[in-house]
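Comments concern the structure below.
Whatever order the structure lists ligands and atoms in, that order sets their numbers, starting from 1. Side chains are part of it too, since the values below use all heavy atoms of this structure and drop only hydrogens, waters and symmetry mates.
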Amino acid sequence: MTTTASLPHPSVGRSSTLTIAGLRAAVGGVEILHGIDLELHSGEVHAIMGPNGAGKSTLSHVLMGRAGYEVLGGSVRLDGVELLDLDTYERAQAGLFLAPQDPVEIPGVSIADVLGAALAAAGCEADAEPAALGAKLAAEAAAIGLAPAFLGRALNVDASGGEKKRIETLQLAVLAPRFAVLDELDSGLDVDALRAVARRVERATAAGEPGAAGLGVLAITHYRRLLDELHPDVVHVLVKGRIVASGGPGLADDLERTGYAGYAEPEVEARPIGPDPFGGLFS
Ligand code: ADP
Ligand code: MG
């Protein structure tokens, strides 16, 4: 059932590559990821779909280096740099961004505080200037329909699920990373908000100023709706900690119709098939 997708390589300059190879990881003492291989280039959108509990969020946390997630093997390289050796903040500075499935609330710290500190730490002093940052935040908030009142409020505190997803998108837009992992960015968003958020991400994937490559996206989602706006180059199906199929955008349509039932567990597929115990009794 596995199909091979041809990956478009962006022709723009300074293109980056995120290479996940043989990634195995455990959480709570249980191996969840059993060897993930995936290569993502600047400007590409790869969707990851899969049933609940497949390990999609685990993958996102392992990529970003969340405490409690134990890497058992494999590598994650961004332009050759091993991210698994880096602290989370160093991965962020290397250009990786995660919009988590459940963004945390941080009382007492505003969006402007967070983004100002992040931009300054990344050496973007001019962008971190309060006036410049304020103008940028206001413009980006308007683009995705986030009320300006959120900009001065504590991060994610008293925000609805959908508002938190817009706040994540705002951070993505301002920080302009090389690669973004979006874990169910569509959850909690109404149709209009979904379209605005997806279009903003889609815009980021296009090459920016001359020579700059576009954002590469790993979009974890359950729904084709997001992918209607955020046109994926490749769709991967993750089942029980393994990518069991990869294909073009049509794969998302197939999944919407058929669900994941057709994707046999790899362990079962890999089992040697013995002689037919009924010996052709019923043939
Ligand atoms: P998905 O995002 O695909 O729905 P997750 O990555 O959240 O799946 O979870 C994969 C599996 O890992 C599930 O069986 C879940 O119960 C388990 N898991 C996730 N986090 C923990 C944890 N902190 N401790 C133990 N098991 C966990
Ligand atoms: Mg999840």
Side-chain angles (χ1 to χ4, degrees), residues 1-2 18 20-38 40 45-74 76 83-84 88 91 96-105 156 159-169 171-172 179-189 194 197-198 201 217-227 230 232 234-247 251-252 254-256 258-268:
M1 201 143 181
T2 303
L18 182 70
I20 304 170
L23 183 62
R24 292 171 49 231
V27 57
V30 178
E31 183 168 340
I32 303 295
L33 300 181
H34 301 285
I36 303 292
D37 298 298
L38 204 155
L40 177 64
V45 175
H46 289 218
I48 296 190
M49 308 183 83
N52 292 322
K56 304 181 299 297
S57 293
T58 299
L59 175 63
S60 76
H61 292 311
V62 171
L63 290 176
M64 209 67 218
R66 183 171 179 174
Y69 291 76
E70 187 191 354
V71 174
L72 302 174
V76 179
L83 295 186
L84 297 178
T88 295
R91 298 181 197 199
L96 188 64
F97 176 94
L98 168 64
Q101 186 172 350
D102 299 307
V104 290
E105 299 183 6
N156 291 327
S160 71
E163 285 160 350
K164 287 177 183 171
K165 299 297 179 170
R166 290 192 232 217
I167 291 168
E168 290 298 321
T169 308
Q171 294 175 71
L172 170 65
F179 293 101
V181 182
L182 311 177
D183 193 355
E184 299 197 22
L185 191 66
D186 45 359
S187 72
L189 291 177
L194 173 66
V197 160
V201 177
V217 175
L218 204 55
I220 296 167
T221 182
H222 280 296
Y223 303 106
R224 218 203 52 197
R225 260 185 347 160
L226 178 75
L227 305 179
L230 191 59
V234 186
V235 176
H236 306 279
V237 182
L238 184 75
V239 176
K240 296 210 166 182
R242 289 186 174 87
I243 292 178
V244 296
S246 298
L251 188 49
D254 296 345
L255 289 170
E256 189 123 296
T258 63
Y260 301 105
Y263 293 91
E265 293 171 23
E267 296 94 328
V268 175

Quiz prompt | Approximate separation, where rounding is to 0.5 Å, of T221 OG1 and L230 CG | solution = 9.0 Å

Self-check item: Sub-4.0 Å protein heavy atom near atom 10 (C) of ligand 1
Solution: yes

Practice problem: Locate the shortest heavy-atom distance separating A54 from L238; write the atom from each residue and the value. | Solution: CB-O, 3.3 Å

Quiz item: If you measure from atom 6 (O) of ligand 1 to every heavy atom of I48, V239, V27, T58, which option wins on shortest distance?
Solution: T58

Practice problem: Please confirm whether V30 comes under 4.0 Å of ligand 1, counting heavy atoms of the residue only. | Solution: no

Quiz item: N/O to N/O below 3.5 Å, does that happen between G53 and ligand 1?
Solution: yes

Quiz prompt | Which residue and heavy atom of the protein sit nearest atom 12 (O) of ligand 1, plus the separation | solution = I32 CD1, 3.3 Å

Quiz item: What atoms of ligand 1 come closer than 4.0 angstrom to any heavy atom of A54?
Solution: 1 (P), 3 (O), 8 (O)

Quiz item: Would you say G55 contacts ligand 1, with heavy atoms under 4.0 Å as the rule?
Solution: yes

Exercise. Run the salt-bridge test on E184 and K165 with the 4.0 Å N-O cut-off and return the result as yes or no.
Key: no

Quiz prompt | Within-cut-off N or O pair, N52 and ligand 1, under 3.5 Å | solution = no

Self-check item: Residue among E70, H34, E31 satisfying side-chain hydrogen bond (donor to acceptor under 3.5 Å, both in side chains) with R24
Solution: E31

Quiz item: Protein heavy atoms: any of them under 4.0 Å from atom 23 (N) of ligand 1?
Solution: yes

Quiz item: What residue and atom, counting heavy atoms only, is the protein's closest point to atom 7 (O) of ligand 1, and at what distance?
Solution: S57 CB, 3.6 Å

Practice problem: Tell me whether T58 has at least one N, O or S atom under 2.8 Å from the Mg ion (ligand 2). | Solution: no

Exercise. Show the numbers, then the answer: is there a side chain to side chain contact (heavy atoms under 4.5 Å, CB included) between V62 and V76?
Key: CA-CA 10 Å; V62 171; V76 179; 5.8 Å; no

Quiz item: Is a side-chain N or O of N156 found less than 3.5 angstrom from the main chain of V104, in a donor-acceptor match?
Solution: yes

Practice problem: Evaluate side chain to side chain contact (heavy atoms under 4.5 Å, CB included) for L98 paired with H61, printing each intermediate quantity in order. | Solution: CA-CA 8 Å; L98 168 64; H61 292 311; 4.2 Å; yes

Quiz item: Got P100 and E168 here, is their nearest side-chain heavy-atom distance under 4.5 Å?
Solution: yes

Self-check item: N/O/S from S57 sitting under 2.8 Å away from the Mg ion (ligand 2)
Solution: yes

